[in-house]
Protein chains: 4
Amino acid sequence: MSTKEPSTNRQQQAIQTKKKLLKAGREVFLQSGFQKTTISQIIKTANTGYGTAYVYFKNKNDLFIELMEELMIKFYEIAEKPFEPTTRENAHEMIANQVNLFLSLAVKEREMMQIVKEAIGVSEEVNQEWKNIQERFIKRIAQDIHYAQSQNLAKQNLDPTLVARGWFYSNEMFMWELVDNESHHSMDEIIRHLTIIYTSGLYFQNQF
Amino acid sequence: MSTKEPSTNRQQQAIQTKKKLLKAGREVFLQSGFQKTTISQIIKTANTGYGTAYVYFKNKNDLFIELMEELMIKFYEIAEKPFEPTTRENAHEMIANQVNLFLSLAVKEREMMQIVKEAIGVSEEVNQEWKNIQERFIKRIAQDIHYAQSQNLAKQNLDPTLVARGWFYSNEMFMWELVDNESHHSMDEIIRHLTIIYTSGLYFQNQF
Amino acid sequence: MSTKEPSTNRQQQAIQTKKKLLKAGREVFLQSGFQKTTISQIIKTANTGYGTAYVYFKNKNDLFIELMEELMIKFYEIAEKPFEPTTRENAHEMIANQVNLFLSLAVKEREMMQIVKEAIGVSEEVNQEWKNIQERFIKRIAQDIHYAQSQNLAKQNLDPTLVARGWFYSNEMFMWELVDNESHHSMDEIIRHLTIIYTSGLYFQNQF
Amino acid sequence: MSTKEPSTNRQQQAIQTKKKLLKAGREVFLQSGFQKTTISQIIKTANTGYGTAYVYFKNKNDLFIELMEELMIKFYEIAEKPFEPTTRENAHEMIANQVNLFLSLAVKEREMMQIVKEAIGVSEEVNQEWKNIQERFIKRIAQDIHYAQSQNLAKQNLDPTLVARGWFYSNEMFMWELVDNESHHSMDEIIRHLTIIYTSGLYFQNQF
DNA sequence: CATGAATGAGGCTTCATTCAT
DNA sequence: TATGAATGAAGCCTCATTCAT
């Protein structure tokens, strides 16, 4: 027994140190942005020895990705929401709801998302990580479209993946706009437009 | 007096030097990417004196933006194409055509566009420049939508700017995909799906 | 009392740990070379605690020398071979044989010898260790020369130590060449030439 | 005219700076040895800006090799000495003379040669450089042997390259001994023994 | 207008070693 | 004996930019 418990104590210590570094990292990233942040700053903020950071993280990217992943879990939760509409209206409503959750989360985490956006452009690793997230969303959306097609709710001559991609891209870009605080439109208006175009298109249907 | 003929010669000289630098810049950017390119490299490639580059460009961004602008003119030409459809079908066709031009240009200039993409993420100035281009496209698309609405071809309870934005964003993202060579879909298929969703939506219209 | 049986167990344990470290050391040294190998790597490979290595070895050199000594025992065995030739031809043959053993052993242990060579250049301690080995060889060869002189087989106006030195040095250098895989000559040819020059010289004797 | 001469002035300046760095380099290397010397030390000693050293040298090795090459020129001069003996005695004498020059130079440059020796063991580049020097000597000696064979002064069933190699190696090792101040023999004695063994061998010729 | 030698701030990273348990 | 988290000194190197000519 005494051979195992002491290690737990040590491990606890180690976990604390790592947490301290992550917390410091978040703080510095939020304050200085991704590019300008240096490992030194994080270390100083964390009040850790210089080498210590390198025990836990290979470099700045590595630390940031860990930080980012915490956040992305929340996005994944939204992506995985079930989607089984029974009518066209029902679908419309569910979709609007999903978009709402997605955009709201981004806005709520605005500060961190701004850093994420910067990091995507600068670091190939972070970019990769973001692509994974995109793909996860797109895949899930494609499934939903497939379901709607099988229920004869959606047009069947369209490739679910391609539609999912275009749809997600619009959402993502509006999301970045909101995160940047640069949108001149209200979130509700954005959602309304996105959803209408997506479900019903811009033009009037041909009158038979 | 002495400012007339000799200065013309000098100006000629100056223009030549600048061109030499821009050409070298393009070369190095294409080879090394945006981040890894250094002013020193460009200077060496241009076979110019170290200080000389600073006569013409404030820094790397500055030089790059000049390079980028040459390319963007071509995009503007596409954006400015007239759009005055008379029927729903006509509109559909014209839109598809526009998308085609847009994506084709990007693919044709793929190499430079890849660098542009990288630069957008890294340099705030380049990012700003790209935003200008986006806005120009969006503004023009909004005009077109407005026209379609006035012709009673398009739904009128939608804000042209907002629709234009969403529409452009989808197009842009597929464009980057194609530029990255990472799309698993043919350009024709992409265009077809984009246009259908945009004009007619994904779901069947309510019957009755 | 309690120092008897339990301590034996402990000692057993200790010996095991040390062996584990030495084995890991050999592995890492062979893979990464001397300079690039770090104590940390060895520790990780040995699956031992960080501090543990310091219980047994002062540092990298220390560990390496222990490893090296195992190998050097084999060289000593060759050096100690008896040498009591009765004729010039007999001597020639015995010498050739000795050289053969020496070079063959080095080639057989090539991988480790490469590391040894690197370590000699980098670490003063290892260098010292190698000098001991040289001296042991030279001393033994000097004895042999002395014996040959006493038997009136060898020239007597030559200092055995000096001759031994020059002789050993040639051998050693060819040995390193073979170890480096950089010799363009066969081992047999090398042995033949070494031995002939050593015993009979390069030039024809004076025809009196 | 005024377009060309100013550059000469600048170039002069640059050459001075480089010399300053080389001089500082020599100083620091002699004082601290190869491994312990850092670029920073050299820069401080040279009273130059930090980046300046990197304008002229890629790194420590690079600077050292330049320093080393100055010295090696002197060795090359010895290696290239003509060798066209007419008799066995003549050859013996010329060889002894050559050895004398070689060892004397090394002893005269003892301090620098000690650093060179250290550097050979530590830096692959320096090691390579030294190998070049060895090969140059060996090649030249092989030529000389070939000449002696053609004059029927030397045994003809021996491969000149192989003999040259063995001969040079003995010389080199004694050289390092002298440089290390670790030889217990006088240089004259060393030369005498080396030359005798090389030309006449250790053993008496067969009496027939 | 053109030059190019000189600068130095400042980031990155490694690793031997300690010491409390 | 054994452990392994924590340390921090120290070296490396790049590159934008200046300024005297």
Side-chain angles (χ1 to χ4, degrees), chain A residues 2-3 5-7 9-18 21 35-41 43 48-60, chain B residues 6-7 9-14 16-18 36-44 47-60, chain C residues 6-7 9-11 13-14 16-18 36-44 47-60, chain D residues 2-3 5-7 9-18 21 36-41 43 48-60:
Chain A
S2 65
T3 43
E5 288 316 294
S7 80
N9 238 338
R10 285 225 192 161
Q11 278 171 245
Q12 285 298 329
Q13 178 74 12
I15 289 169
Q16 283 313 309
T17 307
K18 192 171 176 181
L21 281 162
Q35 288 195 80
K36 286 198 181 160
T37 291
T38 67
I39 289 253
S40 319
Q41 281 176 75
I43 287 161
T48 319
Y50 211 111
T52 310
Y54 287 92
V55 174
Y56 297 100
F57 308 100
K58 223 177 68 238
N59 51 38
K60 196 170 77 170
Chain B
S7 85
N9 246 336
R10 277 212 172 187
Q11 278 173 257
Q12 287 294 329
Q13 175 77 11
Q16 284 311 309
T17 309
K18 194 171 175 180
K36 285 199 182 162
T37 291
T38 66
I39 289 255
S40 314
Q41 275 178 83
I42 296 176
I43 288 164
K44 267 179 220 149
N47 233 326
T48 315
Y50 257 59
T52 311
Y54 287 91
V55 176
Y56 297 101
F57 307 100
K58 222 179 68 238
N59 51 37
K60 193 170 79 170
Chain C
S7 84
N9 245 337
R10 278 212 169 187
Q11 277 174 258
Q13 175 75 9
Q16 283 312 309
T17 308
K18 194 171 176 181
K36 286 197 179 162
T37 290
T38 66
I39 287 256
S40 313
Q41 274 178 83
I42 296 177
I43 287 164
K44 267 179 221 148
N47 234 323
T48 314
Y50 257 58
T52 312
Y54 287 91
V55 175
Y56 297 101
F57 307 100
K58 221 177 70 240
N59 51 37
K60 192 168 80 170
Chain D
S2 66
T3 44
E5 286 318 292
S7 80
N9 238 338
R10 284 227 193 159
Q11 281 173 243
Q12 286 297 328
Q13 178 74 11
I15 289 169
Q16 284 312 310
T17 307
K18 192 171 177 181
L21 281 163
K36 287 197 180 162
T37 291
T38 68
I39 290 252
S40 320
Q41 281 176 78
I43 287 162
T48 320
Y50 210 113
T52 311
Y54 287 92
V55 173
Y56 297 100
F57 308 100
K58 223 178 66 238
N59 51 36
K60 195 170 79 171

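Hydrogens, waters and symmetry mates play no part in the numbers below; they use all other heavy atoms, side chains included. Within every chain, numbering begins at 1; the chains are lettered A, B, ... in the order of the sequence lines, protein sequences first and strands thereafter.
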Report the secondary structure of DNA chain F in dot-bracket form, marking unpaired bases with a dot and bases paired to a different strand with |, and treating Watson-Crick or G-U pairs with both distances under 3.5 Å as paired. .||||||||||||||||||||
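- In this structure, B:Ile43 reaches neither bases nor backbone, as no heavy-atom distance under 4.0 Å exists between it and the strands shown.
- Mapping D:Gln13 and B:Thr48 onto DNA chain E by nearest heavy atom places B:Thr48 closer to the 5' end of the strand.
- Nearest heavy-atom pair, C:Thr37 versus C:Lys60, reported as atom, atom and distance to 0.1 Å: O-NZ, 3.0 Å.
- The shortest distance between the side-chain N/O atoms of D:Thr38 and the OP1/OP2 oxygens of F:dA10 is not below 4.0 Å.
- Annotation: proximity of residues 50-60 of chain B to DNA chain E (heavy atom, distance under 4.0 Å) is found for B:Tyr50, B:Gly51, B:Thr52, B:Tyr56, numbered in ascending order.
- Considering every non-hydrogen atom in both C:Gln41 and C:Lys36, the closest pair reads NE2-O, 3.1 Å.
- Computed from coordinates, the A:Ile15 CD1 to F:dA6 P distance equals 11 Å when rounded to whole Å.
- For C:Tyr56, the side chain to side chain contact (heavy atoms under 4.5 Å, CB included) partners at least two apart in sequence or on another chain are C:Ala14, C:Thr17, C:Lys18, C:Leu21, C:Thr52.
- For the pair B:Lys44 NZ and F:dT14 P, the interatomic distance rounds to 10 Å; values are reported in whole Å.
- When rounded to the nearest whole Å, the span between CD of D:Gln12 and C1' of E:dG4 equals 16 Å.
- Computed from coordinates, the C:Lys36 NZ to E:dC15 C1' distance equals 16 Å when rounded to whole Å.
- In this structure, the separation between CG on D:Asn9 and CD on D:Gln11 is 10.0 Å, given to the nearest 0.5 Å.
- Distance D:Gln41 CD to F:dA10 C1': 12 Å, rounded to the nearest Å.
- F:dG4 atom C1' lies 16 Å from atom NZ of A:Lys18, rounded to whole Å.
- Between D:Ala53 and D:Ile39 the shortest heavy-atom distance is CB-CG2, 4.5 Å.
- Dashed line: the shortest gap from a side-chain N or O of A:Thr17 to OP1 or OP2 of F:dA6 is under 4.0 Å.
- Taking atom CD of D:Gln11 as the reference point, atom P of F:dT21 lies 17 Å away to the nearest angstrom.
- One can place CD1 of B:Ile42 at 17 Å from C1' of E:dG4, the figure rounded to the nearest angstrom.
- Counting heavy atoms from C-beta on, the side chains of A:Tyr50 and A:Tyr54 come closer than 4.5 Å.
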